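To start, the structure under review is shown below, and the notes come after it.
Bear in mind that the values here come from a model prediction, so they are computed numbers and not experimental data.
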Amino acid sequence: MIFVGNSRANGHNLAHHLMSPDNEHVTGQEVSGFAGDDLSSAFKEAEATARGTRCQKYLFSLSINPPASQKVETETFLEAIKGAEERLGLEGQPRAIVFHEKGDRRHCHVVWSRIDSEEMKAVPLAFTKRKLMEPSKHIYLEP
């Protein structure tokens with residue numbers, strides 16, 4: 001699987017993009033750790049929390065794309081998310097998971113709040129591409 005992730009702001013636009021009808025099928029798998037239960041309110045909450053810090057890119061967005069020829073089950077995606085979350089140090093952070101299907105292609109988006117609300121500090125994220133390489137290889141090479 002290919003992992004593409006980056007820190008970002010502008011949660012409103014991200015929520016709109018993730019729920020866009022451009023995809024044939026959009027499934028909101030999970031919104032956890034936020035007071036709201038939809039993407040828009042969750043990302044507004046993350047932005048409001050970030051205002052108490054100096055963090056401008058208060059979200060980390062990860063796209064998980066399997067090879068086009070493979071049908072990947074939800075459980076495999078969730079295992080990939082867990083591995084990425086551990087490598088990035090985002091365990092316990094509020095997150096949202098959305099699945100997209102377009103044609104025969106199914107992929108997943110995960111968005112975490114980077115703000116640790118107890119410490120009122122952003123979770124530091126350095127070398128994310130390097131950190132995401134290991135879980136990507138592990139899943140790709142599994143039989």
Side-chain angles (χ1 to χ4, degrees), residues 1-68 70-103 105-142:
M1 286 203 224
I2 298 171
F3 289 56
V4 178
N6 62 343
S7 295
R8 59 173 297 153
N10 207 344
H12 175 74
N13 285 352
L14 180 58
H16 179 73
H17 167 73
L18 291 177
M19 299 310 288
S20 170
D22 291 344
N23 293 286
E24 292 171 7
H25 192 64
V26 176
T27 305
Q29 176 74 20
E30 171 186 317
V31 175
S32 62
F34 296 102
D37 59 357
D38 64 272
L39 290 181
S40 184
S41 63
F43 296 166
K44 282 180 187 176
E45 178 185 337
E47 181 179 6
T49 305
R51 287 186 184 150
T53 71
R54 285 187 251 159
C55 181
Q56 293 183 0
K57 295 185 177 183
Y58 54 91
L59 299 172
F60 186 80
S61 176
L62 177 66
S63 176
I64 303 175
N65 296 289
Q70 291 188 354
K71 302 287 185 213
V72 178
E73 297 297 321
T74 301
E75 188 59 37
T76 305
F77 278 109
L78 296 177
E79 288 173 23
I81 292 166
K82 183 179 178 194
E85 194 170 65
E86 290 170 358
R87 297 282 295 173
L88 295 169
L90 292 169
E91 301 107 317
Q93 288 300 109
R95 73 176 184 196
I97 302 172
V98 177
F99 286 97
H100 284 171
E101 292 179 39
K102 194 180 241 183
R105 183 174 172 267
R106 183 176 192 225
H107 63 282
C108 177
H109 297 271
V110 187
V111 182
W112 289 271
S113 170
R114 291 188 53 213
I115 307 302
D116 177 340
S117 59
E118 290 181 17
E119 298 287 327
M120 287 308 287
K121 294 181 181 178
V123 173
L125 292 173
F127 308 108
T128 57
K129 288 182 184 180
R130 187 175 301 162
K131 288 177 182 176
L132 291 171
M133 225 180 291
E134 187 62 34
S136 177
K137 280 188 209 176
H138 175 73
I139 290 168
Y140 184 76
L141 296 174
E142 275 185 358

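Legend: residues meeting ring pair (Phe, Tyr, Trp, His ring centres under 6.0 Å) with Phe99, ordered by chain and number and at least two apart, are Phe77. In this view, Arg95 and Glu30, Glu85 satisfy the salt bridge (Lys or Arg N to Asp or Glu O under 4.0 Å) rule, not counting sequence neighbours. Under the side-chain hydrogen bond (donor to acceptor under 3.5 Å, both in side chains) criterion, Ser40 pairs with no residue at all, not counting sequence neighbours. Remark: Glu101 engages Arg106 in a salt bridge (Lys or Arg N to Asp or Glu O under 4.0 Å) (not counting sequence neighbours). Every residue meeting the side chain to side chain contact (heavy atoms under 4.5 Å, CB included) condition with Ala96, not counting sequence neighbours, appears here in chain and number order: Val31, Leu39, Phe43. Take Thr49 and apply the side chain to side chain contact (heavy atoms under 4.5 Å, CB included) test, not counting sequence neighbours, and it matches Glu45, Ile115, Ser117, Met120. The side chain to side chain contact (heavy atoms under 4.5 Å, CB included) test applied to Glu119 returns Asp116, Lys121, not counting sequence neighbours.
Smallest separation of non-hydrogen atoms from Leu59 and Ser113: CD2-CA, 4.2 Å. Considering every non-hydrogen atom in both Ala84 and Phe3, the closest pair reads CB-CE2, 3.8 Å. Closest non-hydrogen pair, Gly5 versus Leu132, comes out as N-CD1, 4.4 Å. Tyr58 approaches Ala50 most closely through the heavy-atom pair CB-CB, 3.4 Å. Of all heavy-atom pairs spanning Pro94 and Gly33, the tightest one is CG-O, 3.5 Å.
The closest donor-acceptor contact from the side chain of Lys131 to the backbone of Ala126 lies under 3.5 Å. With hydrogens and angles ignored, the 3.5 Å screen pairs a side-chain donor or acceptor of His100 with a backbone N or O of Leu18.
Applying the salt bridge (charged side-chain N to carboxylate O under 4.0 Å, His left out) test to every pair with at least one member in residues 49-68, sequence neighbours left out, gives these pairs: Glu47-Arg51.
With values rounded to the nearest 0.5 angstrom, Gln29 atom CD is found 5.5 Å from Thr74 atom OG1. For the atom pair Arg87 CZ and Arg130 CZ, the distance stands at 10.5 Å (nearest 0.5 Å). Atom NE2 of His109 is separated from atom CE of Met19 by 11.0 Å, given to the nearest 0.5 angstrom. Between Gln93 atom CD and Leu88 atom CG the span is 11.5 Å, to the nearest 0.5 Å. Going from atom CG of Leu78 over to atom CD1 of Ile64 covers 9.0 Å, rounded to the nearest 0.5 Å. Rounding to the nearest 0.5 Å places OG1 of Thr76 at 9.5 Å from CD of Gln70.
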For residues 6-16, tabulate all N or O donor-acceptor pairs below 3.5 Å that involve a side-chain atom, not counting sequence neighbours.
none

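At least one side-chain heavy atom of Thr128 sits under 4.5 Å from a side-chain heavy atom of Phe60. Looking at heavy atoms from C-beta onward, Ile97 lies in side-chain contact with Cys108 at the 4.5 angstrom threshold.
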